[in-house]
Amino acid sequence: MSAAEGIRLPRAPRSDDSDAGSRRLALLCAGAIVALVFAQDFAPAWPGFHTWQYAAAVVLAAAGAGSYTWNARKGADGAFAFPLGVAMAGALVVAVAGLSSGLLGPDTQTLERAPGAVAPLPEAGAAAFFPNVDSTSLARGDIGITLRRRDGSSLELLAGQRRFLGAAALVLEPHVAAYVEARDARGDHLTITQPTNAAFLSSLLQFPQAVPIAGQTLPADQFAIPSAHRQIKAFYFSRDATSKAHVRGFAGEDAVLFAVDDENGKLVPNGIGLARSGDDIQLAGLRLRVTIGTYPGLAISAVPLPLALGLGSLCLAGGVLAAVLRVPLAGRRLSR
Amino acid sequence: MRNALGLLFATIAAIAAVAIVGDYFAQSTSSQRFAGGPAALAGAPAASYQLKRLDGATDSLDRYRGRVVLVNLWASWCAPCRSETPALEKLYEQRRSQGLVVLGIDQGESGAAAATFARQLRLEYPILLDEDQRYGRAFSAIGLPTTIVVDKSGHIVRGIDGELSLAEMQQAVDPVLRL
């Protein structure tokens, strides 16, 4: 008797070639489920997870795993039935978790909020606190977002980092922003408001609109200086935009174009001008200074619920392991 | 075998269902807890920044830890701020001896505009100059005036948008002063 024959375990009763085939198919389906669902954790922002094609692939694989469990209940595949039945049940739980975050979950969205704003993140069981900002930190572009969880604990999300919280993957996405300061002709500081923004007292322009100007589509925003009875539109010119627009003295530099209106929305004489980051510009009796930099946005993608994923994976791994331990390790095929 | 597998499958399905439903309810609770505007800040620690006071000294909200503070964000061009201010001054006179601090924080203006305003309305309570409007952003102001009540431990008790009467101010600070 060889060593391999020495560790031979009892044959699984009632197992035959057709059982082995369905077993292989079930394991293949379980593997496909794991690959498809765990892919959501690796590339959470991929829009394909929210398509019917992705859902169909998961459902197809789940049907394969489910049919094995159904047949195993009826006594097929002998001694493999119980451990692999557990494994396939686990795979089905993973599939349901993947479908909930995929087809049923929301598409990836990027939150852009004003400094000081608090954005609830119900899918992450937390809230995002968008930090206060000044011209210096904006120009540095290294501002993070604080995430405060339900239990009161908080963590910092910095540029380039990805965090998983609850059923959400959170990634910091900085975008262009401009910090504006306004003074009157005497040099006295003036209040800046953004009446159309949830953050009324924010001096930070995040350019949420897109406006066609001189053959280009430019990011745009607006603010008001109530004490001077002025409304000001601001258009962001990137380096490419200033080069394409052939603006003398500005080619290849970031700049903001200001257009100063009165309270009725009528352009004030001498109310249009382009300003570089850090420069003062005199427009219609106002002195404006803009600092261009980046402010963080928060990209939120739905990912499978960790508890369901963990539970399902545990059953799957445990079931497969138990099945493997029931067959000879050498000298025999997996099935009879 | 059949019963055991069925039972196991039912157990796993039940746990997964409880996890998903539990997550749904937790999400609802979380949404209710974080709404927008200054009212949503109740319970949060109050932000504090070092600023110049109208009399030239440096001051901050943190300096008043251990006392109840009513923070009032205002600006000289804001008509509701102007009409609310006499009630604020009255409240300061009435509750000062009970430990209330009223802190006026001018938003975005230089000292000259704030000084004229304070002189015209004969204000006694301290005025801070917040040229960069940091308190306005930190307190999620959605308009002016904005009133924030901060307890002795430095946490926000209430955040209120808009002009308040003397009675409304008393209603906001009295329960906190009694604690």
Side-chain angles (χ1 to χ4, degrees), chain A residues 69 72-75 81-82 85-86 89-90 92-93 96-97 100 114-127 129 132-135 148 150 166-167 181-184 186-193 195 198-204 225-229 305 307-308 311-312 315, chain B residues 1-6 8-13 15-20 22-24 26-37 40-41 43-44 47 49 73 75-78 106-113 129-144 146 161:
Chain A
T69 311
R73 275 187 75 235
K74 292 194 289 192
F82 187 77
V86 172
L92 288 176
V93 171
V96 170
S100 323
V118 181
L121 309 172
E123 55 280 79
F129 287 72
N132 229 324
V133 69
D134 55 26
S135 53
R148 192 174 298 163
R150 276 189 216 110
E181 292 166 83
R183 292 177 186 274
D184 61 15
R186 289 177 307 184
D188 282 341
H189 219 278
L190 302 172
T191 313
I192 285 175
T193 64
F200 179 71
L201 286 168
S202 177
S203 318
L204 188 77
I225 303 177
S227 57
H229 307 284
L305 197 64
L307 184 62
L311 191 71
C315 290
Chain B
M1 169 71 71
R2 187 175 172 152
N3 287 343
L5 255 183
L8 183 80
F9 193 74
T11 309
I12 292 170
I15 293 172
V18 166
I20 289 164
D23 186 63
Y24 171 78
Q27 286 179 19
S28 309
T29 314
S30 172
S31 300
Q32 286 158 11
R33 201 163 149 188
F34 300 106
L41 297 175
Y49 306 100
L73 306 182
S76 65
W77 48 264
C78 156
D106 182 15
Q107 292 298 291
E109 296 180 298
S110 295
L129 303 171
D130 185 11
E131 286 192 349
D132 292 333
Q133 304 172 191
R134 286 195 285 181
Y135 276 100
R137 291 193 292 273
F139 290 149
S140 303
I142 51 175
L144 285 178
T146 292
D161 173 55

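None of these values were measured; they are calculated from a predicted model. So that the names make sense, note that chain A is the first sequence line, chain B the second, and so on, each numbered from 1.
- Residues that satisfy the salt bridge (charged side-chain N to carboxylate O under 4.0 Å, His left out) test with A/Asp134, not counting sequence neighbours, are absent from this structure.
- Only the side chain of A/Arg183 comes within less than 4.5 Å of a heavy atom of chain B; its backbone N, CA, C and O stay farther away.
- Residue B/Leu129 does not touch chain A at all, counting heavy-atom pairs closer than 4.5 Å.
- Interface remark: B/Ala112 contributes side-chain atoms only to the contact with chain A (heavy atom separation under 4.5 Å).
- Nearest heavy atom pair, residue A/Ser202 against residue B/Gln133, reads N-NE2, 4.4 Å.
- If you measure heavy-atom distances from B/Ala75 to chain A, the contacts under 4.5 Å come from the side chain alone.
- For the set B/Ala44, B/Ser110, B/Gly111, the entry with the most heavy-atom pairs within less than 4.5 Å of chain A is B/Ser110.
- Under the 4.5 Å side-chain criterion, counting only non-hydrogen atoms from C-beta, B/Leu144 is in contact with A/Leu201.
- A/Ser135 does not touch chain B: none of its heavy atoms, backbone or side chain, sits under 4.5 Å away.
- The residue among A/Pro115, A/Ala199, A/Gly187 with the most heavy atom pairs within less than 4.5 Å of chain B is A/Pro115.
- When heavy atoms are compared at a cutoff of 4.5 Å, B/Tyr49 approaches chain A solely by way of its side chain, counted from C-beta outward.
- Residues B/Thr146 and A/Phe200 fail the side-chain proximity criterion, which asks for heavy atoms closer than 4.5 Å.
- Taken from CG in A/Leu92 to OG1 in A/Thr69, the straight-line distance is 5.5 Å, to the nearest 0.5 Å.
- Inter-residue side-chain proximity for B/Glu109 and A/His189 is flagged as unmet; no heavy-atom pair is nearer than 4.5 Å.
- Listed options A/Ile192, A/Asp188, A/Leu190, A/Asn132 were ranked by heavy-atom pairs under 4.5 angstrom with chain B; first place goes to A/Asn132.
- Donor-acceptor pairing under 3.5 Å is lacking for the side chains of A/Ser203 and A/Glu181.
- Among the candidates B/Gly143, B/Cys78, B/Ala113, B/Ser76, the residue making the largest number of heavy-atom pairs closer than 4.5 Å to chain A is B/Gly143.
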